[in-house]
Each structure stands twice: as structure tokens, then as C-alpha cells.
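Keep in mind that the numbers below use all heavy atoms, side chains included, and drop hydrogens, waters and symmetry copies.
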Amino acid sequence: MEKSNLSHKELILSILYYNKSHSIADLSIKTRKSIPSISKIINELYFNQIITEDGYAPSTGGRRPTTYKINSKLNKYILSIAIDQHYSRAVIFDLSNEARTPVFEVESNLNNPDTAFQHIIDLIKKTLEHDNYSSDNVLGIGISMPGFVDSKQGTNGSYKDKHGNLYHIKREIENRFQIPTFLENDSTAIAIAEQYFGKAKDISHALVINIGWGVGLGIIVDNKLFRGYSGYAGEFSHIPLSDSDKLCSCGKRGCLEVEASLSAAVQFAEERLQNGENSILSQQLTNDKPGNSRFLIQSALDGDQLAVFALAKSGYMLGKGIATLIHILNPQRIILSGRGSQAGSILMPQIQTAINEFCIPKIAQNTVIKVSDLTDKAQLIGSACIVLEYSLSKFAHLTNQ
């Protein structure tokens, strides 16, 4: 949603949601509206108990101004769903962006659409039942998932059956729970989280790499999320940079994904184990288990040499892809995010090696690469942000009296 299309009240709530606490003077500067105009809106929001006082701003020489934040005790919440190829996770956030439930998780293999959909439905039920949440107090459900997601239509074009539940996941969940539901691509959601709460905050030109079972990309240009003409910009996984003859999940050969993803690292480790290599991975890394990537990352962080080598190999190919992006987009910052960012200390040296090898130094030296500190929380945070963006008008007209 373009910020220029928001009412003044919606814009103020958006700023407070993403920045926690502001004074009237700060809000006046950010909105480019007069202090009397902002004061009037703040007084109305405060009267309706949508916002509360949050102490005083640091002194600048005179009287310390009062700061305001969104009221964490509002009886309105956001249900956030993060789906990847093997797992679905859910959590309830309040409107000050604090988690109100544990993060619930279920296996939901997207290669089995009907079964996966039912697992997602069960997950939503479990999360809502945790503390009797319902359509009365849940502002919306935000869902992010991999695939060719059309956020406007609420469909996932990666599923050829246009009558299937996962193709129409927004509609089907909305119908079942009678709660407004919003859908977004997983890498886009992660980029939104990094832009507002993570390492891309206040960075005008940034690339957010979603390291997961595949390799996704969110693109931020001039402080705005870039989606491309059809909304599918960022299919980083399928840049043909690999010399491997392995078939990609998209049905093509040569895609970056077959060597740079967590799936590729797991597969490489499995092949080495089958050839007799000794590793702690031999205890659990079998039978294509969904948890294999987690075990691989943890084993690498614990110093297992096969796990380290498998991730480093993927890191080098990832760096080769990033070098291509640097040449094309010349970003100010690149953020490694998603599940695989937990292995950032192992991936970074290999990424930098590839950039040194493949990038023109004059271009590369202006790009800084950072590892996210949101890690696997980024997608859940991004899914919540999606609901907030589409629900600002409803939010602005709430009352807590």
C-alpha cells in the first residue's frame, strides 16, 4: 500500500506500528503536517485508547516531549501464518507487534496440496483456540508462502489445479474462519519485515535474500518494494548459473537453486554419507526428513566438518548469484535472511570469496552484506505487516472504550 494514499490518522498509526514510539514533533516531521494537525489526531487516538503515552523523549534543551505508542492492551490481534515447502508456523500478534501466543508449527509438505491444506487449517484452529481468539477480535490473517503468489487476487499460481484449496488459499481460509485474509509471497514478506524491523531499515536500495529450501529475493528500490510488471520479481532461485545437470523444482536445469539452497546442501551431505564419509549427520540426515536442514545447520555451527563443507559449498554458489545481482542492481545493502541465515557465519566467507572472484571491485565495494538478526522470525513478522497494511483504515476507526 502506498503511504501517499493513507489518511493522516492511518499514516500516524503506520509510523507508530513500525517505529514503536514517537513524539508529536517527530510525527509532524515524518508526515510533513503541522504540529496542531498532528496534535488533534493524537488527542483523538488517545481518547479512543488506540494509543497510550510512552514516557518522554530525550531532552533537546527544553521541556521533554511526551511520546506515544500503540496501546498493547487493545483487544484486536493479527494471526500470522508462515508457510514453507515442509512446515507451517503460526502466531498471534497484538497491534503493537508483540507475540501473544507461542509459535505453533506443523509439517505441511506442499507437494501434497490437499494434505498440506488440511494441516494449515488445523494449525489455524489450534492457534485461535489457544486463548479463544475469533473473528470478533482478530483483525486479519496474514499468510505468506512460496510460489507465484498473486497478492491482489489471493491466489498461488504454482498450483495448476485452479479449483484446488492451495490455489485459492486466501478465499478458502477466509470462508472457513470468517476473518479477512491476506496472501503474500514468502520472500516478499521477509523483505517487508527486514525493511521495517531488520537490517534493511532506513536503507533506500536493498536486496533481501531468503535462504531456505530454495533461494528467494525481495527487492527494495527507493525505499519501495519492487514487484515487477506481473508481481513476480525476485525469482532468484531460477537464474541459470549452475553447471549441474540436476533438475530444479521448476522443471529446468542449471538453476541456482540446485546448488545454493538448503535443499542442495542437504542433498550434497546425503550423497557424501552414502559414499561412506563419517559425520554426526549420519545419525539423523536420512529419508528426506523435513528437519534435515535444521540439523545440518546446527551440526555445522557445532563444528561438524561435512555440515560446514556442505553449507560452504552452497554459500559459494549463492555468492556467485549475489555477484550477478550486484552488477545489475547496485544495491546499498544485501541482507541474508530466512531460515538459512542462522548459518550466516559459515556462508559469509564463501559468499565474499565468490564476490571477490566474480564482481567488478568498484561496484562491489559500495555494497555491504549483512546477516539478519530476525532469522526464522522474519516471515512471521512480514505476514503480520501485510495484515496491518491492508487493515489500516479499520485500525484507525477502532475504539477501545
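- Partner of H22 under the side chain to side chain contact (heavy atoms under 4.5 Å, CB included) criterion, out of I51, L27, I38: L27 alone.
- In this structure, the side chain of S341 does not engage the main chain of G344 through any donor-acceptor pair within 3.5 Å.
- At least one side-chain heavy atom of L139 sits under 4.5 Å from a side-chain heavy atom of K394.
- Proximity of L128 to L79: side-chain heavy atoms (C-beta onward) are separated by under 4.5 Å at one or more points.
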Open item on the list: Would S108 and S88 count as a side chain to side chain donor-acceptor pair (under 3.5 Å) here? Give the steps.
Closed with: CA-CA 6 Å; S108 55; S88 294; 2.6 Å; yes
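- The distance between the ring centers of Y196 and Y18 falls below 6.0 angstrom.
- Residues passing the side-chain hydrogen bond (donor to acceptor under 3.5 Å, both in side chains) test with S28: none are found, sequence neighbours excluded.
- No side-chain heavy atom of L392 sits under 4.5 Å from any side-chain heavy atom of Y17.
- Checked by atom type, the side-chain pair D302/S299 shows no donor-acceptor distance below 3.5 Å.
- Here D54 pairs with K69 under the salt bridge (Lys or Arg N to Asp or Glu O under 4.0 Å) rule; sequence neighbours left out.
- For E98 and K20, the salt-bridge test passes: some basic side-chain N is under 4.0 Å from an acidic carboxylate O.
- Within the 4.5 Å cutoff, the side chain of S151 has heavy atoms near those of the R227 side chain.
- At least one donor-acceptor pair under 3.5 Å links the side chain of R89 to the backbone N or O of D376.
- Residue pairs meeting the ring-ring contact (aromatic ring centres under 6.0 Å, His included) criterion with at least one partner in residues 245-271, sequence neighbours excluded, are F268-F309.
- With a 4.5 Å cut-off on side-chain heavy atoms, R171 and N175 count as touching.
- Of the charged side-chain nitrogens involved, none lies within less than 4.0 Å of a carboxylate oxygen, so that E44 and K40 do not count as a salt-bridged pair.
- Among residues two or more places apart in sequence or in another chain, the salt bridge (Lys or Arg N to Asp or Glu O under 4.0 Å) test is passed with K313 by E259.
- Here the shortest heavy-atom pairing between I335 and K199 reads CG1-CB, 3.5 Å.
- In the displayed structure, H205 atom NE2 is contacted under 6.0 Å by more than 12 heavy atoms of other residues, nucleotides or ligands.
- Taking the side-chain hydrogen bond (donor to acceptor under 3.5 Å, both in side chains) definition, one finds that E235 meets it with nothing, sequence neighbours left out.
- Counted within 6.0 Å of NZ on K76, heavy atoms from surrounding residues, nucleotides or ligands total more than 12; the atom is thus considered enclosed.
- Counting only distance, with no hydrogens or angles, the side chain of K170 and the backbone of T181 share a donor-acceptor pair below 3.5 Å.
- A donor-acceptor contact shorter than 3.5 Å is absent between the side chain of N156 and the backbone of Y167.
- Counting only residues at least two apart or in different chains, ring-ring contact (aromatic ring centres under 6.0 Å, His included) contacts with residues 107-152 comprise Y77-Y133, F104-H130, F148-Y232.
- With respect to E194 and K377, no salt bridge is recorded, no charged nitrogen being found less than 4.0 Å from a carboxylate O.
- Around the NZ atom of K201, the shell of radius 6.0 Å holds more than 12 heavy atoms that belong to other residues, nucleotides or ligands.
- Judged by distance alone, with hydrogens and angles left aside, the side-chain atoms of D222 form no donor-acceptor pair with the main-chain N or O of K224 at under 3.5 Å.
- Surrounding NZ of K370 are at most 12 heavy atoms belonging to other residues, nucleotides or ligands under 6.0 Å away.
- The existence of a salt bridge linking R176 and E172 is confirmed by a sub-4.0 Å separation between a basic side-chain nitrogen and an acidic carboxylate oxygen.
- Between L13 and A396, the shortest heavy-atom distance links the atoms CD1-CA, 3.5 Å.
- Looking at R100 and D131, no side-chain N of the basic residue comes within less than 4.0 Å of a carboxylate O on the acidic one, giving no salt bridge.
- No side-chain donor from either of Q118 and D114 sits under 3.5 Å from a side-chain acceptor of the other.
- For the pair K125 and F177, the minimum side-chain heavy-atom distance is below 4.5 Å.
- A salt bridge links K246 with E271: at least one charged nitrogen is closer than 4.0 Å to a carboxylate oxygen.
- Counting heavy atoms from C-beta on, the side chains of L225 and T188 come closer than 4.5 Å.
- With T353 contributing its side chain and P349 its backbone, the two residues share a donor-acceptor pair below 3.5 Å.
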